[in-house]
Asker: 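This is the structure, below, for whatever I ask next.
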Amino acid sequence: MSGDTSPEAAAVKTAKILIVQPDEASADLLQSFLISAGYSNIASTPEIETVQTLLVDYKPDVVLLDSEALTGLHGGDLLEKLSNGQQRPLMVLSANLDRKLKLRILQLRDAQLLAKPVDPAELLLRLSNTLVTKALRERAAFHDELTGLPNRERYSDRLDWAIRYAQRYGGVGAVLHISLDRFQQVVNALGWGVGDRLLRATAQNLLQTVRSTDIISRNTSSEDGEVMLSRLAGNQFTALLTNIDRPDRAAMIARRILSSIQTPFSAGSHELISTCSIGIAIFPNDGNTRDEILRAANNALQHAINQGGNTFNFYAKDLNDRAVERLSVETNLRRAIEHHELRLYYQPKVDVVNGRITGAEALVRWQHPTRGVIGPAGFITIAEECGAILALGDWVLNEACRQISEWRQAGITLPRVAVNVSLHQFRQADFAEKVATTLAAHGLEGRQVILELTESAVMEDSEQSLRSVARLRELGIELAVDDFGTGYSSLSYLTRFPLNELKVDRSFLAGVNSDRHSATVVAAIISMGHQLGLRVVAEGVETEQQLQFLREHHCNEYQGYLCSKPLPDVEFRALLSALS
C-alpha cells in the first residue's frame with residue numbers, strides 16, 4: 001500500500017483491531033507485531049465474557065480470533081456474538097479445529113481462516129486486503145456520493161451507538177441538524193449544477209469548521225469528544241457530537257457553523273452568500289432513542305427556519321407539543337372538510353352614520369367533535385401550509401353563495417356578502433372561472449359578493465393575477481384589501497389594482513381614543529382611501545367612543561362586537577329581523 005493516499009488506504013492503518021486470544025503472552029506478541037507494522041488502534045482480551053462489551057464500546061473494524069477461544073463449552077456462543085447482525089470481518093487463526101466448527105466459520109459472512117503457525121507476511125496482506133475491502137464497501141454503502149460525507153445510514157448507526165454509550169457511561173451528546181436557507185431558490189434560478197456545487201462547498205466548509213475547532217477532538221482512537229458530519233438528504237446536513245462535557249458546547253459549534261456557511265461562493269458571474277438554520281437536540285436530556293432525538297432536532301430546526309433562518313435553536317418540549325398539535329390539526333382538518341364539520345358565521349357590516357346593516361362578512365368556524373368551535377386562528381395557517389386551503393376556500397365560497405341564495409328565497413336581502421380569499425386560491429389559473437361557476441350554480445349575480453384579498457395577493461403583478469382581476473370585474477364582483485396596514489409598506493398597488501374597499505385592521509382601532517399615534521394612522525388611512533375613491537371599513541369596533549371617532553373622520557362602515565360578534569345563520573337572521 002506504499003504511496004497510496006486514498007481514503008481506503010488511510011482507513012487501513014487507523015482501523016480498530018480486536019484480538020481475542022486466551023493466551024496473554026501470545027496476544028502481546030501479536031499486538032507488538034501489528035504495532036510495528038503501523039497499526040495503532042488495537043485492543044486485546046483473553047476473556048470470552050468481555051467480548052460482547054468490547055464489540056459495543058470499542059466497535060472494532062476487524063476481529064482477530066485465536067481458535068483456542070473456540071474450544072470448550074462457549075465456542076459456539078462466541079461465534080454467535082461475533083456474527084450476530086454484524087458485517088464485521090472475522091479472521092480466525094486456526095489449528096486443529098474440528099470439521100464441524102471449521103465449516104460453521106466458513107459459512108459466516110466476511111470470515112476467513114488462517115492456519116497456524118501464521119506466516120507474518122500473509123497475515124499482514126490478508127489484514128490489509130480485508131480492511132481495504134471493508135472501507136470500499138462502507139464508502140459505497142454509507143457515504144454520500146456528491147459530498148463524500150457519511151450518509152443517513154451511517155449517521156443513524158453512529159447515533160445509536162452514541163446513545164448507548166451515553167446511557168452506559170454517562171456523559172452528554174448532541175445532534176445539530178443543519179439546513180441551507182433558500183437553497184431551492186438558488187436551484188430555481190441557477191440550476192441543479194450550481195446547487196450541487198454549493199452542497200459540495202458547504203460540506204467542505206463544515207469539515208474545515210470542525211477541524212479548526214478547539215473544543216472537539218477528531219482523534220478517532222479516543223471516544224472523547226468526537227464529531228461526525230454527514231449529509232442527510234437534499235440541502236440538510238448534520239453534526240453528531242459525542243461525549244461533550246456540557247450542552248453549551250453544541251451552541252459554540254453552531255455559531256461557528258453559521259459563520260462558516262456565509263463564506264462567499266462563486267457561480268459564474270454570481271456570488272452567493274448562503275445562510276443556514278440549525279436545530280439542536282441534546283441526549284439524554286431530549287430523548288433516549290434515535291427516533292426521539294431525531295424528532296427533537298427536526299422540531300428545533302423547523303423553529304429556527306420559522307424564525308427566518310440564519311440562526312440556531314435548542315429543542316424544547318413545547319416545540320414538540322406544538323408539532324404534535326399541528327399534525328393533529330392537519331389530519332383532522334382534511335377529515336373536517338369531508339365530514340361537514342365546517343360552519344360559516346356572519347358578522348354584520350354597519351353604516352357608520354345611520355347604523356343600518358350594509359352587508360356581512362362570512363367567517364369560517366370548525367365545529368370539532370371533541371374540542372367544540374375552533375376559530376380561524378386555530379387552523380387557517382396550518383391549512384395554507386399543508387395545502388388544504390384550496391379545498392377549504394372552495395367550500396367557503398360555495399357555502400356562502402348557497403346561504404345568500406337561501407336568504408333571498410326567504411325574503412332576506414343583503415347588499416353584499418364578503419368572502420375571504422387566500423393568496424394560494426388567488427394564484428390558481430382557474431380561480432376566476434371557479435368563482436363564475438359557483439355564482440351560476442346558485443343563481444347569483446357578481447354584485448352580491450365582495451372578495452377580500454390579503455395585501456400579499458393584491459401585490460401580485462403577474463399576468464395571471466391581472467387576468468383573474470379582469471374576469472372578476474366582468475362578473476361585477478367587488479374587491480377589498482383586508483387588514484390594511486399590517487403587510488406591505490409599498491402603497492403603489494392601491495393605484496394599480498381596481499379595488500372597491502379598504503378594511504382598516506383592528507389593531508389600529510384599539511388605541512384611537514387614548515393613543516395619538518393610533519388616531520393619526522387611522523385618520524390618515526380613512527382620508528387616503530376616500531381620495532382614492534374607496535369605501536373604508538373599520539374592523540374590531542367595540543366601544544361608542546371608537547364609533548364616534550370613525551363618524552368624525554367620515555369612515556363608511558364598521559364591523560365589531562359593538563354591533564355583534566360573528567353569528568351562525570339562525571342567530572344572524574334573528575339579528576337582521578330585530579334591527580329591521
Asker: In terms of heavy-atom contacts, does CZ of Arg335 have more than 12 from other residues, nucleotides or ligands at under 6.0 Å?
Answerer: yes
Asker: Could you tell me which non-hydrogen atom of Ile257 sits nearest to which non-hydrogen atom of Cys276, and how far apart they are?
Answerer: CG2-SG, 4.2 Å
Asker: Check Glu153 with Arg158, please: is the shortest side-chain N to carboxylate O separation under 4.0 Å?
Answerer: no
Asker: Tell me whether Glu122 is salt-bridged to Arg126, with the criterion being a basic N under 4.0 Å from an acidic carboxylate O.
Answerer: yes
Asker: Nearest 0.5 Å, what's the CD-CZ distance between Glu271 and Phe265?
Answerer: 10.5 Å
Asker: How close do Leu149 and Ala203 get, heavy atom to heavy atom, and via which atoms?
Answerer: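 Closest approach of Leu149 to Ala203: CD1-CB, 3.8 Å.
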Asker: Ignoring hydrogens and geometry beyond distance, is a side-chain donor-acceptor pair present between Asn288 and Glu292 at under 3.5 Å?
Answerer: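 Note: Asn288 and Glu292 side chains miss the donor-acceptor criterion.
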Asker: We want to know whether Ser94 and Ser67 form a side-chain donor-acceptor pair, criterion being a heavy-atom distance below 3.5 angstrom.
Answerer: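 Result is no, nothing qualifies.
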Asker: Under a 3.5 Å distance rule, please check whether Asp110 uses its side chain to pair with a backbone N or O of Arg88 as donor and acceptor.
Answerer: no
Asker: Between Phe237 and Leu176, does the side-chain contact (heavy atoms from CB on, under 4.5 Å) criterion hold? Intermediate values first, please.
Answerer: CA-CA 8 Å; Phe237 298 82; Leu176 284 67; over 6 Å; no
Asker: So does Ser259 get a backbone contact from the side chain of Arg256, meaning a donor-acceptor N/O pair under 3.5 Å?
Answerer: no
Asker: Any Lys/Arg nitrogen of Lys134 or Asp61 sitting under 4.0 Å from an Asp/Glu carboxylate oxygen of the other?
Answerer: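 A salt bridge is present here (some side-chain N lies under 4.0 Å from a carboxylate O).
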Asker: Nearest 0.5 Å, what's the NE2-OG1 distance between His177 and Thr238?
Answerer: 4.0 Å
Asker: Do Asn151 and Ser230 have side chains that get closer than 4.5 Å, going by heavy atoms?
Answerer: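 Asn151 vs Ser230: side chains apart.
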Asker: Check the side chains of Thr370 and His368 for a donor-acceptor pair under 3.5 angstrom, ignoring hydrogens and angles.
Answerer: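 Checked: His368/Thr370 side chains pair up, N/O donor to acceptor below 3.5 Å.
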Asker: Closest heavy-atom contact between Ile278 and Ala254?
Answerer: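 In terms of heavy atoms, the two residues are closest at CD1-O, 3.6 Å.
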Asker: Compute whether any side-chain donor of one residue and acceptor of the other, for Asn205 and Ser260, lie under 3.5 angstrom apart.
Answerer: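 On atom types as modelled, these side chains do not qualify, holding no pair under 3.5 Å.
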Asker: Start with the C-alpha gap between Ile42 and Ile19, add the side-chain angles, then the distance that decides, and say whether side-chain contact (heavy atoms from CB on, under 4.5 Å) holds.
Answerer: CA-CA 7 Å; Ile42 305 171; Ile19 300 172; 3.8 Å; yes
Asker: Using 0.5 Å steps for rounding, measure from the CD atom of Gln31 to the OG atom of Ser44.
Answerer: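 Between atom CD of Gln31 and atom OG of Ser44 there are 5.5 Å.
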Asker: Can you name the closest pair of heavy atoms from Ala383 and Leu333 and give their distance?
Answerer: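 Looking at all heavy atoms of both residues, the closest pair is CB-CD2, 3.5 Å.
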Asker: Calculate, to the nearest 0.5 Å, the distance between atoms NZ and CG belonging to Lys59 and Asp57 respectively.
Answerer: 10.0 Å
Asker: His424 versus Leu390: any side-chain heavy-atom pair under 4.5 Å?
Answerer: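 In contact.
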Asker: For the backbone of Ala429 and the side chain of Gln464, can you confirm whether one donor and one acceptor N or O come within less than 3.5 Å of each other?
Answerer: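 Looks like yes, one N/O pair under 3.5 Å.
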Asker: To check you understand the geometry: which heavy-atom pair defines the closest contact between Ser274 and Leu180, and what is its length?
Answerer: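 Heavy atoms only, the tightest pair is CB-CD2, 4.4 Å.
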Asker: For Phe33, is there any backbone N or O sitting under 3.5 Å from a side-chain donor or acceptor partner on Ser36?
Answerer: yes
Asker: Can Thr275 and Arg182 be counted as having a side-chain donor-acceptor contact under 3.5 angstrom?
Answerer: yes
Asker: Enumerate the residue pairs fulfilling salt bridge (charged side-chain N to carboxylate O under 4.0 Å, His left out) with a member in residues 20-34, sequence neighbours excluded, ordered by first and then second residue.
Answerer: none
Asker: Any chance NZ of Lys102 has more than 12 other-residue heavy atoms, nucleotides or ligands included, within less than 6.0 Å?
Answerer: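 Incorrect, the count does not exceed 12.
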Asker: Distance alone, cut at 3.5 Å: any donor-acceptor contact between the side chains of Glu341 and Asn332?
Answerer: no
Asker: Nearest heavy-atom pair of Val329 and Gly378: which atoms, and what distance?
Answerer: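 Nearest pair, atom of Val329 first, then Gly378: CG1-O, 3.9 Å.
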Asker: Kindly say whether Asn310 contributes a backbone atom to a donor-acceptor pair with the side chain of Asp181 at under 3.5 angstrom?
Answerer: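 Answer holds: yes.
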Asker: Regarding Thr50 and Thr45, is there a side-chain donor-to-acceptor distance under 3.5 Å anywhere?
Answerer: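 Short answer, yes.
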Asker: Do Asn298 and Gln302 have side-chain N/O donor and acceptor atoms under 3.5 Å apart?
Answerer: no
Asker: Below 4.5 Å, heavy atoms only, C-beta onward: do Leu106 and Gln112 meet side chain to side chain?
Answerer: no
